[in-house]
Asks: 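Have a look at the structure that comes next, please.
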Amino acid sequence: MSSFDESEAFETASLSARAMAARPMPYLDDLNPAQREAVETLEGPVLMLAGAGTGKTKALTTRMVHLLNTGTARPNEILAVTFTNKAAREMKNRVGRMMGEAVEGMPWLGTFHSICVKLLRRHAELVELKSNFTILDADDQLRLLKQLVAAANIDDKRWPARQLAGIIDQWKNRAWTPENVPASEASAYDGKGVVLYAQYQTRLIELNAVDFGDLLLHMVTIFQTHDDVLAQYRRWFRYILVDEYQDTNVAQYLWLRLLAGGHKNICCVGDDDQSIYGWRGAEVGNILRFEKDFPGAHVVRLEQNYRSTPHILAAASGVIAENKDRLGKELWTEARGGKKVGLMGLWDGEEEARWVGEQIEDAQAGLGRFKYRENPRSITIEQEAERLAKGGVVSKNVEGDIHQVNLQRAEALSPTGKDNLPLPKTYNLDEIAILVRASHQMRAFEDRFLTIGLPYRVIGGPRFYERMEIRDAMAYFRLVVSPADDLAFERIVNTPKRGLGDKAQQKIQMTARQNGVSLLEGAAILLDEKGIGGKGATELAKLIDGLRRWGRLVGDQKLSHIELAEMVLDESGYTEMWQNDKTPEAPGRLENLKELVSSLEKFENLQGFLEHVSLVMENDAGQDGEKISIMTLHAAKGLEFPVVFLPGWEDGLFPSQRSMDESGQKGLEEERRLAYVGITRAEEICTISYASDRIIYGRRQPQYKSRFIDELPEEHIDDLTPPGIFGGGYGAVGMGDPFGSNIEDRAAEANVYNSPGWKRLQARAAERPLSQPKESRNMVIDAQAISAHTMGERVFHQKFGYGAIIGIEGDKLEIDFEKAGVKHVVARFVSGADDIPF
DNA sequence: GCGACGACGGTTTTT
DNA sequence: CCGTCGTCGC
């Protein structure tokens, strides 16, 4: 039997069932009938089909509260799984808020992966692991596979290891162990896929490591082969809740079905229309099949939408209606009025970016289509408070404070005190999002916004813990904490350059293998035997020496783990490496390292930190200030914005050519769901745009407007495309006279100084000190920036790197960047090359 | 062992 | 067009 200890689990409950049973249930009054049904049907299988914006999270969290409040379950008896840490956190917070101080949190509310780690650590020995196994990320995984591929003498040009990694991931998503891979897959990876998969799994066990897929796969294996363990958890997790069920893959599905198999108290929440992760193993089939899997399942449809105006809902519904194989839902709203979905055809990608930029400035100023919110949708004080809190105005304050401050503001806006607040007629930048199909579309917007000085933030860029410098630093930490971590050793042995190339590393590998020790020890032996000479030997000795010394300092009372981390990075020469690096990325990397070290503060020690980051790879930087959000449609799922722009609706780009080629009709339907997700992110104003010409891979290409545009119901669409540009209005194809009617405007706009956007920017800048006192600090910086720069000065820009100023006009600089060429940039976005932010 | 150069390919992404 | 990867020459 394992280390499983049932009594420990129950101790975490801070409130007995009896004490809770008597509590009142005011939270039920906040629900509509469908939500209420989903919340109150506690026993047996429930499928909650929750359309976009129908209060899914509310229903889910209220259901948890209800389980607790009625004494039906204790906190530790509820298993609640999500896909992202963010969703888990959100749910935890909401349950906590609703329950007050009474509940110590929910120990089994988390992501599939984090819950599986907890479980697997208890039962590691059942799959020949030790409970302190390490979790590899994609990088480590690939490095390992490359070694195996090389050892198998495979031409990795024709058969890249990356491809093998993809194949293995897919197999793991389907819960196939090497023995279970069906014969139909025998030809995978030149017929060697299965063998290499088996070797990879063996190697992982040797390293006492798992990859992300293994977390689920191992647990499924354990449940399938150890009835006693499964039985315990079935008893333990009496109620199961699953968020985003449409995104589950086969392994997750099996895991859930095994756990729920006894009592069948499982409530899955999802929306088949928002299934957009098929390409990474999600099976819409799981949700479509729910009633078969759980006969007698209670199916509840949440269809009342609280997010969007009727036009936006109608547009989204019109598009998604083209899909077959739907469970079928029709969103409706009590809201009336609102603006039709805008549609704009433009000449090319640059013009699209320029136009969206102007639209955003209109939105800020309450001009054009953004003038007055004629949408009479009422919002409550709570909603307004939430909206303001999201706006970042006071988001840096303590949480209790935010609520109060915003409530006051909301009350001030509403003379009657409650409900029906007049909606403000201008939008701030946090209320605006640009959602693109592919990340390369972001560049045009970034360029444009930098030029006109519109602050923006890119959501879901390269994640903090996936950056090279962070992973290097982490490898050093890993090695200090566990000297036998061979993957970490391989990663940093020659970073910074120590003169230890392939040859030397092979020798280390050999010595280690011959002696049956870790690479680090092998290296030490090799050094003793003088199997290596020259610069490499000296440097290697220094590294080994350092690692031993730092290792002894782990847990030292006189030295905090933060100081230790700094010491490691400094003495290893890693920090110095980036300080000597002259590429534009170097300052940012140093900054990231600093941030990494300071994030250590939240942890007791290095081990705790390393454990945390292997699972929680999040990017919480850049939450400061009012900014437009730019992100992919995928990253936008679950979010909402008053104003949404959906650019690039062109066949081939969206729907993406590749997805149609690879997955045919299925692929097209997933793209269509993506369109549905995009439109339904919008609360008030939704604007779709397309260009007739776009630079793709440096080549100018004629584009044809997306087939999804034809699927938009005409009566809910406001075609903003000026006649003449495309040879007609709505419905016209995107191949018209390129130099349409307003050639002068176009020429004028090419010069940003004359563009409407630029003029508006100037006007705004002038009035800012009065209308927006909180901007005054920026104004000081602006003023300094204007006077501080001189012709020819060398400056640094976050995105473009180093460059020399070749023109100054107001706070507008013309800079010849070393890498990026000549750009117009607002002064506040550059700093002197000598005082690099750091 | 390492930097320079050319070939190649190129959605979406969480854990 | 741009970043990655692998080969080649020093």
Side-chain angles (χ1 to χ4, degrees), chain A residues 81-88 110-117 135-138 141-142 146 155-157 160-162 166 169 172-173 210-216 244 247-249 251-252 275-282 349 435-444 459-463 465-466 468 494-506 532 534-536 539 583 585 612-619 631-638 648 652-663 667 670-671 673-674 677-678 694-701 819-821:
Chain A
V81 278
T82 63
F83 275 86
T84 63
N85 288 300
K86 198 176 151 205
T111 62
F112 276 101
H113 296 270
S114 68
I115 288 168
C116 280
V117 171
I135 302 162
L136 306 189
D137 60 24
Q141 189 189 13
L142 194 62
K146 273 188 179 157
D155 176 14
D156 67 348
K157 256 194 181 144
R162 195 173 288 280
D169 276 347
K172 288 188 175 178
N173 284 340
V210 299
D211 62 22
F212 279 110
D214 280 340
L215 292 172
L216 272 135
E244 306 281 17
D247 288 341
T248 50
N249 60 35
Q252 288 156 339
S275 163
I276 56 174
Y277 284 110
W279 50 274
R280 67 175 196 209
L435 313 182
V436 297
R437 177 61 183 81
S439 48
H440 64 76
Q441 287 175 264
M442 295 180 182
R443 241 196 60 188
I459 306 222
R463 279 166 297 287
Y465 289 111
E466 276 168 23
M468 187 206 317
N494 201 30
T495 312
K497 298 273 180 282
R498 293 191 172 91
L500 297 162
D502 276 352
K503 269 268 172 55
Q505 288 185 43
Q506 270 168 27
I532 188 171
K535 182 175 175 256
E539 289 292 318
T583 59
E585 298 88 48
H612 171 81
V613 289
S614 61
L615 274 181
V616 186
M617 297 259 199
E618 55 190 336
N619 194 5
M631 69 190 93
T632 62
L633 288 161
H634 285 91
K637 194 168 78 149
L653 181 58
F654 188 42
S656 131
Q657 193 56 53
R658 190 155 161 181
S659 113
M660 291 187 294
D661 290 348
E662 282 175 10
S663 317
E670 183 153 313
E671 295 288 303
R673 291 193 289 268
L674 212 40
V677 167
R694 195 175 286 278
I695 296 170
I696 294 169
Y697 304 140
R699 219 162 280 290
R700 230 169 223 293
Q701 273 190 8
K819 290 230 158 115

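Chain letters run A, B, ... following the sequence lines, proteins first, then strands; residues in each count from 1.
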Asks: Separation of A:Arg162 atom CZ from C:dC5 atom P, in whole Å?
Replies: 6 Å
Asks: Check every strand shown and say whether A:Asp247 touches a base, only sugar-phosphate, or nothing at a heavy-atom separation below 4.0 Å.
Replies: nothing
Asks: Roughly how many Å is it from NZ in A:Lys172 to P in B:dT15, rounded to a whole number?
Replies: 18 Å
Asks: Within the supplied structure, the quantity of interest is the number of heavy atoms (other residues, nucleotides, ligands) at a distance under 6.0 Å from A:Asp502 CG; does it exceed 12?
Replies: no
Asks: Nearest of B:dG1, B:dT11, B:dT15 to any side-chain atom of A:His113?
Replies: B:dT15
Asks: Drop me the distance from A:Thr632's OG1 to A:His440's NE2, to the nearest 0.5 angstrom.
Replies: 12.0 Å
Asks: Name the nucleic acid region contacted by A:Ser659, choosing base, sugar-phosphate or nothing; use a 4.0 angstrom heavy-atom cut-off, strictly under.
Replies: base
Asks: With sugar-phosphate meaning primed atoms plus P, OP1 and OP2, does A:Thr632 contact a base, only sugar-phosphate, or nothing at under 4.0 Å between heavy atoms?
Replies: sugar-phosphate
Asks: Rounding to a whole Å, what distance do you find between A:Ile135:CD1 and B:dT14:P?
Replies: 17 Å
Asks: Provide, to the nearest angstrom, the distance between the CG atom belonging to A:Leu653 and the P atom belonging to B:dG10.
Replies: 16 Å
Asks: Identify whether any heavy atom of A:Glu671 sits under 4.0 Å from a base atom; if not, whether one sits that close to sugar-phosphate; answer base, sugar-phosphate or nothing.
Replies: base
Asks: Kindly confirm whether the side-chain ring of A:Trp279 is stacked on the base of B:dT12, judged by centres under 5.5 Å and planes under 30°.
Replies: yes
Asks: Donor-acceptor check, side chain of A:Asp247 to backbone of A:Ala282, threshold 3.5 angstrom: yes or no?
Replies: no
Asks: For the pair made of CZ in A:Arg280 and P in B:dT13, what is the distance, rounded to whole Å?
Replies: 9 Å
Asks: Which residue, A:His634 or A:Gly501, contacts DNA chain B at a nucleotide closer to its 5' end, judged by nearest heavy atom?
Replies: A:Gly501
Asks: So how far is it from A:Asp211 CG to A:Lys172 NZ, rounded to the nearest 0.5 Å?
Replies: 3.0 Å
Asks: Tell me: CD1 of A:Ile696 to P of B:dG10, nearest whole Å?
Replies: 15 Å
Asks: For the side chain of A:Arg437, starting at C-beta, report the closest nucleotide among B:dT14, B:dT12, B:dG10.
Replies: B:dT12
Asks: Calculate the interatomic distance between A:Asn494 atom CG and B:dG3 atom C1'; express it in whole Å.
Replies: 13 Å
Asks: Please check if the number of heavy atoms outside A:Lys535 that lie under 6.0 Å from its NZ is greater than 12.
Replies: yes
Asks: More 5' along DNA chain B: A:Glu662 or A:Phe112, using each one's nearest nucleotide?
Replies: A:Glu662
Asks: Nearest whole angstrom, please: distance from the P of B:dT13 to the CZ of A:Arg658.
Replies: 13 Å
Asks: From the set B:dC2, B:dT15, B:dT11, return the single nucleotide nearest to any side-chain atom of A:Lys497.
Replies: B:dC2
Asks: For the side chain of A:Thr84, counting heavy atoms from C-beta on, which of B:dT15, B:dT11, B:dT13 is nearest?
Replies: B:dT15
Asks: Using a heavy-atom cut-off of under 4.0 Å over every strand shown, decide if A:Ala138 touches base, sugar-phosphate, or nothing.
Replies: nothing
Asks: What nucleic acid atoms does A:Tyr697 come within less than 4.0 Å of, heavy atoms only: base, sugar-phosphate, or nothing?
Replies: base
Asks: So A:Glu244 and A:Tyr277, do their side chains get closer than 4.5 Å, heavy atoms only?
Replies: no
